[in-house]
**Q** 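Sharing a structure below in structure tokens format, with a few things to ask.
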Amino acid sequence: MIVRLPREAWETALGRLQLEVTRHNYDTWLKDTVGLDHSGDVFTIGVPSAFVAECLEKRMTPIIHKTLKAILQREIVIAYTVSQADGVARGDNALSLRAQTAAEPVRDRARPLGNGLNNRYTFDSFVVGKSNRFAHAAAVAVAENPGHSYNPLVLHSGGGLGKTHLLHAIAHHVKAKGLQYLYVSAEQFTNDFVSALREGRVEEFRAKYRNIDVLLIDDIQFIAGKEHSRETFFHTFNDLHLASKQIVISSDALPRSLPLLEDRFLSRLEGGLRAEILPPDLETRMAILTKKAQQMQVAVPQDVVDFIAHKVPRNIREIEGAFNRLLAMSQLTNQPLTLDLASQAIADLPTMAKRPATANPQEIVETVAAYFGLTSDDLRAKTRKKNIAHARQVAAYLLREDTSRSLAEIGQLLGERGHSTVLRAHDKIAYELNLDAELRKQLGEVRDSLDRRRSHSA
Ligand code: ADP
Ligand code: MG
């Protein structure tokens with residue numbers, strides 16, 4: 001694969017960088033960047049704000065430089081530019097931070113930070129499947145008829161399943177219609193409010209939020225614990241709601257853990273709607289990979305798509321990570337995109353615990369049972385006792401994730417259960433894993449104990 005487009009080169013670089021920097025750093029600084037231009041020896045990276053440009057320049061230029069240089073196999077200078085539109089904002093908008101001299105300060109911190117939207121996150125690029133159809137339909141309805149369809153619309157799911165994508169897609173859509181919108185993370189909303197409070201500008205703050213047609217607040221769970229901001233959010237919410245302005249909220253946590261979304265707030269939800277996004281099923285995972293390959297203009301063999309879709313956990317962010325990583329490896333080692341390479345790419349993926357290709361299903365059932373102080377027969381029994389049902393769901397999850405058994409076979413292993421029961425059990429655990437640290441710990445321990453068993457019997 002020859003890297004031609006700056007965009008493609010940068011996606012490849014992101015795949016590598018994802019492995020080298022912490023998840024937090026990646027998500028905060030690198031995730032929403034694009035490769036814009038490569039002319040002469042300058043490689044220009046588009047970033048969402050001057051602040052991100054400054055931070056990347058200060059903290060990450062050496063590693064970015066090293067990575068890109070290896071991919072392009074030539075000396076380059078890195079420039080960052082604040083851009084929202086892919087490949088559009090350049091020229092005098094460029095901040096021209098030189099990688100090697102790193103001397104030029106960021107000139108225009110005060111420049112408005114664009115519209116804060118990722119251009120990639122549109123309805124067009126959103127793959128609709130069983131798991132997100134409802135949320136997608138609600139988002140489209142709201143975008144077409146803001147303030148009238150469902151107000152507020154609350155999207156919720158575990159991480160990496162498309163909430164932010166849908167929020168941005170709504171924003172792009174209403175923006176094209178000439179409506180005023182504001183997209184903020186709950187954290188930003190809180191910070192904004194706190195500084196308004198400090199500087200005696202609360203009225204101004206409220207006016208700013210009152211004067212928009214569509215307010216999109218991402219990751220509301222970050223407001224949840226903060227009394228003052230919660231109060232303000234509630235008033236702002238009321239103002240807007242009374243004026244039939246559209247409000248869209250995303251939440252990463254279970255609603256019951258969010259006092260904000262309960263009581264007073266939820267009692268206003270009349271006319272509102274909560275839509276949940278579930279982890280994507282196999283078909284949707286395949287469709288997402290196919291779309292991603294198209295977007296990046298690389299030909300990926302069908303068997304490779306199938307393989308990744310089967311192997312990668314049901315979180316779209318991780319699917320994208322695996323895919324980027326595969327492209328990076330293919331590029332770096334000059335190998336074609338084969339099944340073999342895909343399995344290497346996935347084996348090393350940091351988010352994937354290394355799983356043996358052939359876990360023994362019987363062993364999984366026994367190990368899970370033992371871990372929860374039960375027997376295999378307990379798992380197969382008809383009972384719905386809570387602790388047994390939970391262990392059974394964990395077993396279903398592991399059997400589906402770590403073996404190649406069909407749903408029907410897994411159903412048999414767990415006591416003549418139907419395939420939809422297995423699927424539901426699996427999806428429940430997959431979903432809760434996003435939210436529940438205790439469950440993640442349990443699963444890790446079960447897998448460890450499976451590994452130990454195997455190394456003894458090997
Ligand atoms: P969340 O906000 O729920 O944590 P994001 O919206 O950030 O998740 O999604 C994570 C990544 O997965 C993004 O790059 C996004 O574009 C992609 N993604 C999520 N859902 C879809 C989808 N249905 N089709 C295409 N890409 C998706
Ligand atoms: Mg998000």
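One-based numbering, in listed order, for ligands and for the atoms of each.
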**Q** Under 6.0 Å between ring centres, would you say that holds for H172 and F123?
**A**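 No, the ring centres sit 6.0 Å or more apart.
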**Q** Determine how many protein N/O/S atoms sit closer than 2.8 Å to the Mg ion (ligand 2), leaving waters out since they are not shown.
**A**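 Number of qualifying protein atoms: 1.
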**Q** If I take atom OG1 from residue T338 and atom CZ from residue F307, how far apart are they, to the nearest 0.5 angstrom?
**A**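 So the gap between those two atoms works out to 10.0 Å.
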**Q** For F126 and H136, take the angle between the two ring planes, folded into 0 to 90°, and tell me which bin it lands in: parallel under 30, tilted 30 to 60, perpendicular over 60.
**A**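 Parallel: the ring planes of F126 and H136 meet at under 30°.
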**Q** For ligand 1, what is the set of protein residues having any non-hydrogen atom at a distance below 4.0 Å?
**A**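 Residues near ligand 1: R120, Y121, S125, F126, V127, N132, S157, G158, G159, G160, L161, G162, K163, T164, H165, I288, I316, R317, E320.
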**Q** Which pairs count as salt bridge (Lys or Arg N to Asp or Glu O under 4.0 Å) when at least one residue sits in residues 137-165, sequence neighbours excluded?
**A** K163-D252
**Q** Using side-chain hydrogen bond (donor to acceptor under 3.5 Å, both in side chains) as the criterion, list what pairs up with D340, not counting sequence neighbours.
**A**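 For D340, no residue satisfies side-chain hydrogen bond (donor to acceptor under 3.5 Å, both in side chains) once neighbours in sequence are set aside.
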**Q** Kindly compute the distance separating NZ (K245) from CG (L179), expressed to the nearest 0.5 Å.
**A**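 Between K245 NZ and L179 CG, I get 10.0 Å after rounding to 0.5 Å.
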**Q** To the nearest 0.5 Å, what is the distance between OG1 on T12 and CZ on R7?
**A**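 It comes to 12.0 Å.
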**Q** Checking R133 against E276 for the salt bridge (charged side-chain N to carboxylate O under 4.0 Å, His left out) test, could you report, in this order, the C-alpha distance in whole Å, the side-chain angles of both residues, the deciding distance, and whether it holds?
**A** CA-CA 10 Å; R133 177 161 292 133; E276 184 176 350; over 6 Å; no
**Q** Would you compute the distance between atom OH of Y26 and atom CE of M60 and round it to the nearest 0.5 angstrom?
**A**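 It is 10.5 Å, given to the nearest 0.5 Å.
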